[in-house]
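Below you'll find the structure I mean.
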Amino acid sequence: MRLKDHPVLDFKFEEKKKVSFIFNGETLYGYEGEPIAAALHDNGVRVLRRSPKLNRDRGIFCAIGKCSSCLMNVNGIPNIKTCVEPLKEGDIVKYQDKKGNIRGD
Amino acid sequence: MSEEYNIVIVGAGPAGLAAATTASKYTNKILIVDENIKPGGQLSKQTHKFFGSKNHYASVRGVNICNILLDGLSKEKVCFRPETSAIGFYKPDTLIIQDKEGLHKIKGNKFIFATGAIENMVSFENNDLPGVYGAGAMQTLMNLYGVKPAEKVLMLGAGNIGLIVSYQLMQAGVEIMGVVEASPFIGGYHVHAAKLRRMGVPILTSHTVKGVYGDGKVEKAIIHKLGGGFEPLHGTEKTIEIDTLCLAVGLTPSVELLHQAGCNIKFIKELSGYVSVHDDMMETNIPGVFVAGDASGVEEASAAMLEGNMAGLKAAYDIEGFNRSVFLNEKEIVEFELKSLRTGPFCERAQAGKKRLMVEER
Amino acid sequence: MIAYKTTGIVDMELVSLPQDWEKQTRFFPVIECIEKIPCNPCSFSCPKGAISVIGDITNIPQIDFERCNGCSICVGKCPGLAIFLVNPNFSENKGAVILPYEFRPLPEKGSIVRLYDREGKEIGEGMIEAIRTSKAFENTPLVTVSMEKDLVMCARHIRFD
């Protein structure tokens with residue numbers, strides 16, 4: 001859910017460009033230029049990857065590009081820090097298994 | 001071919017922006033690089049009004065201070081590169097940065113590392129479960145991108161960050177189930193705690209989180225009481241239904257680049273971890289390399305801005321050699337403001353840490 | 001150890017009030033700021049010079065009730081949202097409190113709201129008499145609520161459906 005009536009901030013969503021992207025084959029929507037992880041979060045997606053050693057699900061932790069908890073496969077490239085990666089129209093975002101795979105699967 | 005600048009600043013948070021503000025009064029060709037999409041660091045996420053005096057922008061919301069600083073920077077003098085990581089420093093004058101195009105060599109006369117800090121994690125069962133977020137992450141989602149970040153949150157940590165972020169979450173329509181604090185006392189300002197209490201939020205001191213549980217995501221937390229030696233008291237467990245556990249358990253300075261650059265790094269507990277030794281004008285043991293903000297010891301954003309002002313002033317003076325009395329006058333003002341901010345019981349820790357840092361340097 | 005460090009609730013013995021405050025017929029500030037924190041906007045923003053932070057900016061604000069004209073600028077400026085204006089005799093049988101309210105939606109003038117004390121306990125009902133927002137207050141709305149006279153020193157937050 002977006003914060004449309006906030007006591008301090010005005011996000012001016014009506015001036016922003018809505019774009020579509022694919023997450024695990026499903027079409028979702030977000031605002032152009034916002035971090036992919038933020039757009040996913042707004043769509044209720046909190047699980048972003050699986051840890052390399054213990055096979056545990058991981059989500060966002062720091063959201064400022066420092067902790068690597070949000071690494072995903074974006075347009076075929078693994079290990080993208082989605083909390084600092086701007087969303088573009090048509091991005092193909094995938095849940096990342098372990099260290100990721102350069103072939104994009 | 002490498003680009004050349006007078007001053008290269010790493011980090012566009014409060015310290016980095018303040019450094020650029022002061023430096024650009026006296027010199028030009030300033031570069032700021034930052035990993036994030038937008039400049040402002042944590043400052044742009046602070047929707048509360050700042051404390052301090054008029055010269056510390058007291059009573060102005062952090063997000064508005066951020067806009068004041070950004071609007072004040074001259075585009076002719078200061079170049080900003082977002083989505084750019086600084087990944088290595090080579091003495092005496094070369095920084096390696098990485099952006100979408102690849103790696104670039106940047107030459108600089110002076111360098112200011114305002115790299116900030118990273119949020120701490122604590123150990124409890126399932127602390128890696130999706131739904132365990134740093135307090136700063138909640139702020140980034142809700143205050144920068146307008147995403148309602150959760151429905152029901154338990155906050156761990158009753159320092160200023162835990163208290164302030166709880167209030168900001170309530171402003172975003174999120175329910176705060178409680179604030180849990182291991183210490184017997186609320187660490188943050190009373191006024192922040194009072195705002196939560198009158199809205200019915202319990203603050204449980206001498207309590208901590210035993211673990212979070214759920215099927216692939218946080219669904220509940222179990223908390224328990226702690227004894228005088230911080231030992232868990234059995235039989236005091238309580239289950240709280242939540243979808244998010246928010247951690248506000250302190251920060252650790254990000255000194256990787258400074259360390260790699262060869263700066264003298266010391267562990268100072270009061271400054272929250274390993275920090276770079278620096279002099280009274282924020283210059284490290286490597287001439288021309290400065291540090292400012294949380295990277296030089298975790299404090300408030302107001303102190304970070306003043307440290308940035310100081311580093312920017314000295315760096316610009318060393319390059320331009322402008323009128324010495326102008327320089328000394330401005331130095332004195334920044335010193336006075338820093339000192340006034342660092343008085344009082346809440347700053348004793350940071351003060352003691354800074355003193356130890358300076359003494360150990362000698 | 002002082003209780004507020006564990007409860008988060010101000011000890012009213014540490015808060016200064018005018019003499020015979022119950023008899024006052026105008027708004028006066030109740031400054032619930034009792035800790036040595038580096039902060040002084042209440043002092044530098046007061047147009048009457050009624051609030052002073054003397055010496056270090058960590059000192060606790062002192063108020064001269066004689067000088068105060070109840071303008072409420074300090075309520076809008078206080079970064080800790082710790083100042084409230086209280087009028088124990090707002091009308092013949094009601095008192096009133098002016099408090100900062102940084103939430104959405106805002107209540108409507110004339111509407112009935114629930115009142116909460118410093119612990120978040122519901123203590124009664126009040127009526128919204130006025131709402132003011134100002135850029136000078138960084139858009140913190142100030143809400144005037146009337147209520148039973150004996151609630152003015154307790155009511156510190158409002159809620160409504």
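Because only heavy atoms are used, hydrogens play no part in the values below, and waters and symmetry mates are left out as well, while side chains stay in. Labels below follow one simple rule: chain letters A, B, ... track the order of the sequence lines, proteins then strands, and each chain is numbered from 1.
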Identify which of C/Asp56, C/Ile57, C/Val53 forms the greatest number of heavy-atom pairs closer than 4.5 Å to chain B.
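The candidate making the most pairs under 4.5 Å is C/Ile57.
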Tell me, out of C/Ala82, C/Pro79, C/Gly120, who's got the most heavy-atom pairs with chain B below 4.5 Å.
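Highest number of heavy-atom pairs under 4.5 Å: C/Pro79.
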Relative to chain C, which of B/Lys195, B/His192, B/Arg342 shows the most heavy atom pairs under 4.5 Å?
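With the most close heavy-atom pairs to chain C, the winner is B/Lys195.
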Residues, nucleotides or ligands: over 12 heavy atoms within 6.0 Å of B/Lys225 NZ
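At most 12 heavy atoms, drawn from other residues, nucleotides or ligands, come within 6.0 Å of this atom.
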Can you check whether B/Thr205's main-chain N or O pairs, donor with acceptor, with B/His207's side chain at less than 3.5 Å?
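Indeed, once roles are kept as given, a pair shorter than 3.5 Å links the two residues.
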Only one of C/Glu32, C/Arg156, C/Arg118 passes side chain to side chain contact (heavy atoms under 4.5 Å, CB included) with C/Ile9; say which it is.
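Looking at C/Glu32, C/Arg156, C/Arg118, the match for C/Ile9 under the side chain to side chain contact (heavy atoms under 4.5 Å, CB included) is C/Arg118.
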What part of B/Val60 gets within 4.5 angstrom of chain C, counting heavy atoms only: side chain, backbone, both, or neither?
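Contact with chain C is through both the backbone and side chain of B/Val60.
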Using a 4.5 angstrom heavy-atom cutoff, name the option from C/Tyr116, C/Phe103, C/Tyr4, C/Phe137 with the most pairs to chain B.
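It is C/Phe103.
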I'd like to verify something: which residue of B/His48, B/Lys339, B/Gln171, B/His190 has the highest number of heavy-atom pairs under 4.5 Å with chain C?
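The residue among B/His48, B/Lys339, B/Gln171, B/His190 with the greatest pair count is B/His190.
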In terms of side-chain heavy atoms, does B/Thr22 have a donor or acceptor partner in B/Asn309 at a distance below 3.5 Å?
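Result is yes, a qualifying pair exists.
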Which portion of C/Ile158 sits near chain B, non-hydrogen atoms under 4.5 angstrom
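Neither part.
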Heavy-atom distance under 4.5 Å to chain C: side chain of B/Tyr189, backbone, both or neither?
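Contact with chain C involves both backbone and side-chain atoms of B/Tyr189.
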Donor + acceptor pair across side chains of B/Gln139, B/Gln46 (<3.5 Å):
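A pair is found: one side chain offers a donor N or O, the other an acceptor, under 3.5 Å apart.
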Can you tell me which of C/Glu102, C/Arg159, C/Lys36, C/Lys77 forms the most heavy-atom pairs within a distance under 4.5 Å of chain B?
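Most heavy-atom pairs within the cutoff with chain B belong to C/Glu102.
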Who among B/Lys49, B/Glu300, B/Arg198, B/Lys54 has the most heavy-atom pairs with chain C under 4.5 Å?
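Max contact count across the listed options: B/Arg198.
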Heavy-atom contact with chain B under 4.5 Å, split by part of C/Thr140:
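Backbone plus side chain of C/Thr140, per the 4.5 Å heavy-atom cut-off to chain B.
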N/O donor-acceptor pair under 3.5 Å between B/Asp294 side chain and B/Glu299 backbone
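Checking the backbone N and O of B/Glu299 against the side chain of B/Asp294, a donor-acceptor pair under 3.5 Å is found.
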Taking every heavy-atom pair that is under 4.5 Å apart, which of C/Ile34, C/Asn139, C/Thr7, C/Ile37 has the most such pairs with chain B?
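Greatest number of close heavy-atom pairs with chain B: C/Ile37.
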Could you tell me whether the side chain of B/Arg61 and the main chain of B/Ile65 form a donor-acceptor pair under 3.5 Å?
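No; judged by distance alone, with no hydrogens or angles, the pair does not exist.
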Which of the residues C/Ser45, C/Cys78, C/Pro38, C/Cys33 is involved in the greatest number of heavy-atom pairs with chain B at under 4.5 angstrom?
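It is C/Pro38.
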Could you grab the distance from atom NZ of B/Lys210 to atom OG1 of B/Thr236, nearest 0.5 Å is fine?
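The NZ atom of B/Lys210 sits 9.5 Å away from the OG1 atom of B/Thr236.
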What part of C/Asn59 gets closer than 4.5 Å to chain B, counting heavy atoms only: side chain, backbone, both or neither?
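No part of C/Asn59 comes within 4.5 Å of chain B.
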Top of B/Ala194, B/Pro345, B/Cys347 for chain C proximity - count of heavy-atom pairs under 4.5 angstrom:
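Answer, by heavy-atom pair count under 4.5 Å with chain C: B/Pro345.
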Out of C/Cys46, C/Cys42, C/Pro47, which residue meets the side chain to side chain contact (heavy atoms under 4.5 Å, CB included) rule with C/Ile73?
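Exactly one pass, corresponding to C/Pro47.
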Give a yes or no on whether the backbone of B/Glu335 and the side-chain of B/Glu337 come within a donor-acceptor separation of less than 3.5 Å.
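It does not hold such a pair.
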Could you check which of B/Leu196, B/Leu341, B/Leu204, B/Thr343 has the highest count of heavy-atom pairs closer than 4.5 Å to chain C?
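Ranked by contacts with chain C, first place is B/Thr343.
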